[in-house]
Each structure stands twice: as structure tokens, then as C-alpha cells.
Amino acid sequence: MKKRLVVIGNGMAGMRTVEELLSAAPNKYDITVFGAEPYGNYNRIMLSSVLCGEKTIEDIVINNRQWYIDNGITLYAGEDKTAVRIDRKNKKVYAQDGTFAGYDRLLIATGSKAVAPTIPGNGLEGVISFRDIVDVNKMLAYSRSHNKAVVLGGGLLGLEAANGLVSRGMDVTVVHSNEILLNRQMDRAAAKMLQTELEQRGLKFKMAAKLKQLSGDEQGHVTTVSFEDGSRLECDLFVAAIGVRPNIELAHEAGIYCERGIVVNDTLQSYDPSIYAVGECIQHRGATFGLVAPLFEQAKVCANHLSAHGAAEYITLPTATKLKVTGINLFSIGDFQGDVNSESVHFTDPALGIYKKLVIKANKLIGAVLYGDTADGGWYQELLEKEDTITGIRDVLIFGKVYATSA
Ligand SMILES: Cc1cc2nc3c(=O)[nH]c(=O)nc-3n(C[C@H](O)[C@H](O)[C@H](O)COP(=O)(O)OP(=O)(O)OC[C@H]3O[C@@H](n4cnc5c(N)ncnc54)[C@H](O)[C@@H]3O)c2cc1C
């Protein structure tokens with residue numbers, strides 16, 4: 001008899017776990033998936049490429065509905081199939097329209113929700129986030145009929161949204177609370193080079209900005225963004241990209257132990273041994289997640305346990321970040337700021353638009369920022385993950401792998 005696996009969340013982490021499971025133990029489970037989005041599953045990170053016109057929605061589909069049929073998976077997808085209750089006592093999951101499925105093992109992969117700005121006017125028409133296909137379609141529709149966009153948040157997502165809207169012909173201002181763009185990934189010098197490059201491409205910036213409120217017209221549509229310093233910006237479309245929060249309400253209501261996320265152990269098991277969780281909805285050893293690389297690792301480990309091969313343990317490794325804006329090369333990993341006990345090595349070539357910073361502590365590389373030339377990012381990441389000593393190559397480390405290994 002096959003066991004029953006129910007998956008809540010048809011996104012990147014949940015479906016990667018199912019793919020891993022199908023390859024590790026193809027006949028172990030009857031699988032049922034509840035997904036709130038009305039499709040198979042798609043590569044969410046490529047939504048930025050759809051927005052700027054480099055890809056279409058069809059290009060970014062990972063598994064279409066036929067894939068589920070071919071693999072014997074029951075897919076309940078659409079808003080009315082959103083899972084609204086987990087009955088842990090009777091091991092059943094209920095969807096909004098009453099559809100239900102019983103489970104022996106449950107996998108929760110409900111992802112995150114975009115954080116909304118807590119300012120007056122945040123409920124006006126034209127105020128949106130950047131998370132799914134619906135958001136992208138809204139942005140594309142606005143770009144055809146309106147001109148002024150304001151993007152709140154100068155992080156990776158905000159810059160990709162702004163770049164996409166500019167390439168669709170909108171007049172876009174990025175509003176950032178910090179003086180430094182991508183301040184979680186970049187230092188001041190690299191961020192300045194990035195800002196200059198983006199300005200040359202038509203993006204506008206309002207840095208170190210304190211938002212006051214959004215105002216609208218009589219139809220309840222956003223028209224103006226006001227700031228604490230008294231300034232204002234005209235606005236037809238306001239995109240908030242100020243972070244995400246683990247989507248844990250369903251788990252929490254079912255009495256599964258949650259803090260900021262659903263708390264899981266190194267095998268991705270929640271406090272209920274029948275229930276596993278992966279992706280942006282979890283909290284592992286205090287950390288929550290916002291990039292796919294760790295989620296794919298979680299998927300592998302979780303599938304290993306669901307398939308009862310059960311030996312793998314999940315460890316969080318530093319994740320490198322890149323900006324998906326064509327022609328801009330940027331790489332950041334680890335502790336790129338350093339502290340009083342670390343030292344940093346810099347290389348700058350303003351004419352070529354190249355900047356490199358390596359942070360070293362106790363003869364090990366602990367962080368790196370590269371702008372312009374990111375060819376050695378992978379090598380630095382390797383040194384950092386393996387915690388290799390750099391004694392012997394320290395003087396040439398900044399020049400990259402080829403030079404360092406030949407020297
Ligand atoms: C525009 C954009 C660009 C990005 N670019 C990058 C990048 O370049 N690099 C990178 O590493 N990461 C990037 N990310 C982040 C990456 O997409 C996420 O880390 C990843 O998608 C998280 O996977 P997940 O499965 O946890 O959540 P999701 O992919 O969000 O999947 C969760 C799914 O669960 C569904 N769901 C939620 N609640 C329920 C419920 N109750 N019932 C049924 N279904 C439910 C949701 O509708 C969603 O489909 C980007 C994200 C966005 C939005």
C-alpha cells in the first residue's frame with residue numbers, strides 16, 4: 001500500500017521536493033498537491049525577466065498540468081483550492097471550496113508574503129507587490145496605460161522591478177530608505193557604481209527617503225507619494241518591494257510550532273513528526289530564507305527523509321546574490337562588511353567599472369563584493385564555503401583564481 005503525501009504550496013520549494021522524491025522513491029506515495037495559484041508550477045525568479053520582456057510566462061513554466069497527470073499526482077490548483085485548514089487529529093487538509101485530502105505525511109511549502117508598507121494610503125488601487133504572475137500582469141497592463149511608477153525598496157527585487165518597468169517605457173523612481181542601494185549585499189563604493197549605471201539606463205532614485213503617505217484620486221487610485229521632507233512624487237503605479245514574511249498562518253492555526261517561520265529541525269521536520277516544511281515559510285536554526293539555493297538543498301534533504309532513506313541533514317551555507325539586470329555584473333557573499341577583527345583587500349578600476357572587495361579574518365575569506373567583473377565569484381564562494389586557509393595566496397587573492405593558482 002502506498003502512503004499518502006499531501007503538499008500545500010505549489011511553488012519552487014514544494015515542487016522541487018516532489019521532483020526529488022519522485023526520483024528517490026517513485027512509488028512510495030500517492031501525492032496530492034494544493035496550490036493557491038491556478039497553474040502547474042513556474043520559476044518565480046524569472047518573473048523579473050518576464051517583466052522586462054526577455055522571457056514569456058510560457059518560458060518560465062517548470063511543470064505544466066500534464067506533468068502532474070504523467071506522474072500520477074493529483075493537483076488541486078486555483079484560489080478556491082487554497083488550503084484553509086489542517087486537521088492534525090484526523091490527518092486531513094481542507095481547501096477553501098471544501099475539497100479535502102487525507103495524509104500520512106504532510107509537506108508545507110507555503111512560501112512568503114510580501115511585506116506591505118505601513119503608511120496611510122497603502123490600500124489604494126495601483127499599490128501592488130512583486131511576487132507572482134498576477135503582479136507581473138498588473139505591471140505590464142499599467143506600463144501600457146500609465147507613465148509614472150514608484151518602486152519602494154532598493155533591494156534586488158525592487159531594482160529588478162524598476163528595471164523592468166523602465167524597459168517597458170515607464171518613468172520610474174526607486175525610493176530607498178538607506179543611502180546605499182542593495183545595502184544588505186553591497187558596500188558604499190560598489191553601490192555607487194551600480195546606482196550610476198542604473199541612472200544611465202533611465203532609473204531615478206530617491207535615497208535615504210522617509211515615506212509619509214500615499215494619496216489618491218476620487219476613484220481611490222494612487223496619484224501621489226509624499227515624503228517626510230515635504231517632497232512629492234507623481235505616481236500611477238506603486239510597487240512595494242521591501243521584503244517578505246514567512247507565510248505561516250495556516251500552520252500556526254493548526255497548532256504547529258512557529259516563531260518567525262515554521263520551526264523545523266535538520267531533517268526539515270516540524271514539531272509534528274508527520275509534518276515537514278520547506279522553503280521561505282520555515283525557520284531553521286533561527287534563520288529564515290529569501291533565495292532559492294538553500295531551498296533546493298532543503299528539498300533534497302526533505303525528500304531523502306520522506307523517502308525513508310533518512311540520512312541527510314540540512315546545513316545553511318552562505319548564499320551568493322546576483323542582480324538579474326542584463327549587462328550588470330554583481331556578486332556578493334558572506335560578511336562583506338567585516339568587523340574590527342577582520343581586514344579587507346580592495347581593487348578598483350573606475351575606467352573599466354570594476355570594483356572588488358574581499359574580507360579576510362583569521363587567514364580565511366569570510367566575505368566578498370564584486371562589481372563589474374564577477375568571473376571569480378564562484379571561486380571565492382568555494383574558498384568561503386570550504387573555509388580554506390588563504391595563506392600562500394593572500395597577496396594575489398584579489399586578482400582571481402587563474403592568477404592565484406599560477407602564482
Ligand atoms: C520577482 C522575483 C525574483 C526573484 N529572484 C530571485 C533570484 O534571482 N534568486 C533567488 O535565489 N531568489 C529569487 N527570488 C526568490 C525566490 O523566488 C523564492 O525564494 C522562492 O520562490 C521561494 O520558494 P517557496 O516555494 O518557498 O515559495 P513560493 O515559490 O512563493 O511558493 C509558495 C506557493 O505556495 C502557495 N500557497 C501559499 N499558501 C497556500 C495555501 N494555503 N494553500 C495552497 N497554496 C498556498 C503560493 O501561492 C505559492 O504558489 C525571487 C522572487 C521574486 C518574487
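In each ligand, atom 1 is the first atom listed, and ligand 1 is the first ligand listed.
Listed by number with element, the atoms of ligand 1 under 4.0 angstrom from any heavy atom of Ala13 are 23 (O), 24 (P), 25 (O), 26 (O). Every atom of ligand 1 is numbered from 1 in the order shown, and the set under 4.0 Å from a heavy atom of Leu295 is 19 (O), 20 (C), 22 (C), 23 (O), 26 (O). When each atom of ligand 1 is checked for a heavy atom of Gly35 under 4.0 Å away, the hits are 43 (C), 44 (N). Residue Glu37 has at least one heavy-atom neighbour below 4.0 Å for each of these atoms of ligand 1: 47 (O), 48 (C), 49 (O). The ligand atoms of ligand 1 that sit less than 4.0 angstrom from a heavy atom of Phe34 are 43 (C), 44 (N). For ligand 1 and Ser48, the ligand atoms under 4.0 Å from any heavy atom of the residue are 1 (C), 3 (C). Against a heavy-atom cut-off of under 4.0 Å, Ile8 is close to the following atoms of ligand 1: 40 (C), 42 (N), 43 (C).
Nearest protein neighbour of atom 32 (C) of ligand 1, counting heavy atoms only, is Ala109 O, 3.5 Å. Nearest protein heavy-atom contact of atom 41 (N) of ligand 1 is Ala83 O, 3.0 Å. Regarding atom 10 (C) of ligand 1, its nearest protein heavy-atom neighbour is Leu291 CD2, 3.4 Å. In terms of protein heavy-atom proximity, atom 39 (C) of ligand 1 is nearest to Thr110 CG2, 3.7 Å. The single protein non-hydrogen atom nearest to atom 26 (O) of ligand 1 is Glu280 N, 2.8 Å, given as residue, atom name and distance. Here the protein heavy atom with the shortest distance to atom 27 (O) of ligand 1 is Gly111 CA, 3.3 Å. Closest to atom 35 (C) of ligand 1 among all protein heavy atoms lies Gly9 CA, 3.8 Å. Of the protein's heavy atoms, Arg131 NH2, 2.6 Å lies nearest to atom 30 (O) of ligand 1.
If you look at Phe289 next to ligand 1, there are no close heavy atoms at all, none under 4.0 Å. If you look at Asn247 next to ligand 1, the close heavy atoms, those under 4.0 Å, all belong to the side chain. With a heavy-atom cut-off of 4.0 Å, Leu157 touches ligand 1 through its side chain alone. With a 4.0 Å cut-off on non-hydrogen atoms, Asp132 does not touch ligand 1 at all. Contacts between Thr82 and ligand 1 below 4.0 angstrom, taking non-hydrogen atoms only, involve backbone and side chain alike.
The salt bridge (charged side-chain N to carboxylate O under 4.0 Å, His left out) test with Glu280 is passed by exactly one of Arg131, Lys113, Arg260: Arg131.
Rounded to the nearest 0.5 Å, atoms NZ (Lys192) and CE (Met186) are 12.0 Å apart. Taking CD1 from Ile128 and NZ from Lys138, the interatomic distance works out to 6.0 Å, rounded to the nearest 0.5 Å. The CG atom of Leu317 sits 9.0 Å away from atom CD1 of Ile333, with the distance rounded to the nearest 0.5 Å. Rounded to the nearest 0.5 angstrom, Ile62 CD1 and Asn43 CG are separated by 4.5 Å. With values rounded to the nearest 0.5 angstrom, Phe34 atom CZ is found 14.0 Å from Thr110 atom OG1. To the nearest 0.5 Å, atoms CG (Leu182) and CG (Leu330) are separated by 6.0 Å.
Looking at Ile248 and Ile108, their side chains never come closer than 4.5 Å, going by heavy atoms from C-beta outward. With contacts defined as side-chain heavy-atom distances shorter than 4.5 Å, the pair Asp236/Asn147 qualifies. In this structure, Met193 and Tyr355 have side chains that are in contact, with non-hydrogen atoms separated by less than 4.5 Å.
Nearest-heavy-atom check against atom 4 (C) of ligand 1 across Val244, Thr17, Ile45 picks out Ile45. Nearest-heavy-atom check against atom 44 (N) of ligand 1 across Gly279, Ala36, Gly11 picks out Ala36.
Nearest heavy atom pair, residue Leu237 against residue Met139, reads CD2-CG, 4.2 Å.
Ligand 1 has no N or O atom lying under 3.5 Å from any N or O atom of Lys322, backbone or side chain. Polar contact check, Met12 against ligand 1: a nitrogen or oxygen pair lies under 3.5 Å apart. Residue-to-ligand polar distances keep Glu160 apart from ligand 1: every N/O pair is separated by 3.5 Å or more.
Open room surrounds CD on Glu125; 12 or fewer heavy atoms of other groups in view lie less than 6.0 Å from it.
Thr389 and Lys364 share no side-chain donor-acceptor pair at under 3.5 Å. Between the side chains of Asn10 and Tyr68, at least one donor N or O lies within less than 3.5 Å of an accepting N or O.
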Distance-only donor-acceptor hits, side chain of residues 148-166, under 3.5 Å, sequence neighbours excluded:
residue, atom, partner, partner atom, Å
Lys148, NZ, Asp171, OD2, 3.0
Glu160, OE1, Ser48, OG, 2.5
Glu160, OE1, Lys324, NZ, 2.9
Glu160, OE2, Lys324, N, 2.8
Glu160, OE2, Lys324, NZ, 3.4

